[in-house]
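For reference, the structure discussed in these notes is given below.
Residue numbers start from 1 in every chain, and the chains themselves are labelled A, B, ... in the order their sequence lines are given, proteins ahead of strands. The shown structure was predicted, so the numbers you read here are calculated from the model rather than taken from an experiment.
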Number of protein chains: 2
Amino acid sequence: MSTMAMKDEDPRPALSRQRVVHAAIAHADSAGLDALTMRQVAGMLQVAPMALYRHISNRDDLIDAMIDVLFGEIALPLGGTDWKTAMRDRAMSLRDVLARHRWAIGLMESRRRPGPANLRHHDAVIGKLRSAGFDIAMVAHAYSLLDGYIYGFALTKMNIPFNTTDEMAAMAQDMFEPFPANEYPNLAEFVTDHVMKPGYDYGEEFEYGLDLILNGLEGALTA
Amino acid sequence: MSTMAMKDEDPRPALSRQRVVHAAIAHADSAGLDALTMRQVAGMLQVAPMALYRHISNRDDLIDAMIDVLFGEIALPLGGTDWKTAMRDRAMSLRDVLARHRWAIGLMESRRRPGPANLRHHDAVIGKLRSAGFDIAMVAHAYSLLDGYIYGFALTKMNIPFNTTDEMAAMAQDMFEPFPANEYPNLAEFVTDHVMKPGYDYGEEFEYGLDLILNGLEGALTA
DNA sequence: ACCTGAACACCGTTCAAGT
DNA sequence: ACCTGAACACCGTTCAAGT
């Protein structure tokens, strides 16, 4: 077997910053932030841990790059539609990005060196609100309220320790078991009559709150 | 020197679950979640790491206990006042607790075995809303919206990579430096004309959003 | 009963080599 | 130019001792 043939059969394409960043995102998506270690990312790519440092300067630099890829996945609020539709679509898109990349929720707004997709996203959102007649103080109100809600909902949903009605039922059992019966009657009623009902999905609450906020902002804008 | 005198001079009181939990909270408050390691908490208490395992079963059990202490610090919405005042006070109190214990933001609603203070808090909030005329579906809307916003605002504020106007100015410099001038005009205007103005404090946005949400819920309740 | 020390299987990152 | 292996200073947790 010639060395030429050996090369053709080499299952490892050359490493690159792009390949490292995308492997890291895929790994964090499936295994979580705790599993996002240099050693595990290197394992995904079948290289020694230290090979990564040729392409990224350290773990924080890797996370910077991963977050900018995610900002690129958020649909930008474009020129055509009114501000309310644009902000609603952008909120739903950001919600979807955070659901796909749960590990990123606490990291999106924490970058000391935001990348181009990050800056472009914030520029587009602010521009859309400004051209709809929001003054700068009102932009600050609206952005803080919307993003507070979007990230907070994503955080709460991510951390909720159950996903299905069955899991909730099991957890409710464990939850009340150590305490006297009827010690927490309002919570018990809420859990049994609402959360444990078939078809309950916490995720569906998102749009109720989003629309309440958008309507409130509209009222403040026209006042 | 007698062994009796040695005992009197021993600077280490006996370990207890309470002492471990409170030392861990104090350490996480000052050094952050990454520094909340068994070895560092043990160091605080001047014992060997393994001494902690006599009083807690593992790191997760320690965090469970820490979170329940924090729930105990939130002012309960009591009987006297109307629901809006009660929810506003409770939101401000939770905001303050999260500001004192920033490491806890992602952990408060993630416990598979919530402690008594946790359950008592949720029971009181739900009870207050129910007795004000919210039906169960509306309680779910209100709770999800309020807590989404409160936790999300705390998360964003915690992660924002600057605290003072000076830090923001330094960061703005670094932020736009790698890109062509006027590449992000809306963001640049927002930063220079609002965020970098003397007296700017992101934290002050909290009450604007909170009141907008409470007014929206009031409208939905009376409708 | 309560605490300890060594050990195991992990981390991120530095450094000096290897090809 | 690009990747590697050993090493260092850390983790949480198990186990067998120590007092």
Given DNA chain C, 5'-ward residue of the pair A/Met38 and B/Ala51, judged by closest heavy atom
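The residue whose closest nucleotide sits nearer the 5' end is B/Ala51.
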
Could you tell me how the ring of B/Tyr143 sits relative to the ring of B/His122: parallel (under 30°), tilted (30 to 60°) or perpendicular (over 60°)?
tilted

Classify the ring geometry between B/Phe71 and B/His121 as parallel (under 30°), tilted (30 to 60°) or perpendicular (over 60°).
tilted

For residues A/Ile74 and A/Met108, determine if any side-chain heavy atom of one lies less than 4.5 Å from a side-chain heavy atom of the other.
yes

Rounded to whole angstrom units, what separation is found between the CG atom of B/Asp34 and the C1' atom of D/dG12?
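Taking CG of B/Asp34 and C1' of D/dG12, I get 15 Å after rounding.
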
How close or far is atom P of D/dT13 from atom CG of B/Asp61, stated in whole angstroms?
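Roughly 10 Å, once rounded to whole Å.
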
Write down the atom of A/Leu119, the atom of A/Pro114, and the distance for their closest heavy-atom approach.
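Distance-wise, the nearest heavy atoms are CD2-CG, 3.9 Å.
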
Which residues in residues 52-60 of chain A have a heavy atom closer than 4.0 Å to any atom of DNA chain D?
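Listed by number, they are A/Arg54, A/His55.
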
In residues 26-33 of chain A, which residues come under 4.0 Å of DNA chain C by heavy atom?
none

Is the shortest distance from a Lys or Arg side-chain nitrogen in A/Asp64 or A/Arg113 to a carboxylate oxygen in the other one below 4.0 Å?
no

Under 4.0 Å between a side-chain nitrogen and a carboxylate oxygen: does that hold for A/Glu183 and B/Arg120?
no

Between D/dT4, C/dG12, D/dC3, spot the one nearest the side chain of A/Arg39, thanks.
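Closest nucleotide to the A/Arg39 side chain: C/dG12.
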
Measure from the side chain of B/Val47, starting at C-beta and using heavy atoms only, and say which of D/dT13, C/dT4, D/dT4 lies closest.
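My answer, after comparing the listed nucleotides, is C/dT4.
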
Would you say the side-chain atoms of [X] pair up with the backbone N or O of [Y], donor to acceptor, closer than 3.5 Å?
X: B/Asn159; Y: A/Glu109; answer: no
X: A/Arg17; Y: A/His55; answer: yes
X: B/Asn118; Y: B/Asp68; answer: no

Please tell me whether B/Phe162 and B/Tyr202 form a close aromatic pair, meaning their ring centres lie under 6.0 Å apart.
no

Pair B/Tyr149 + A/Phe153: ring centers closer than 6.0 Å:
no

Checking all strands, does B/Met50 fall into the base, sugar-phosphate, or nothing category for heavy-atom contacts under 4.0 angstrom?
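Base, at least one base atom sits under 4.0 Å.
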
OP1 or OP2 of C/dC10 versus the side-chain N and O atoms of A/Gln40: is any pair under 4.0 Å?
no

Just the dot-bracket of DNA chain C, please: which string comes out with Watson-Crick or G-U pairs under 3.5 Å, [ ] for crossing, | for another strand?
||.|||||...|||||.||

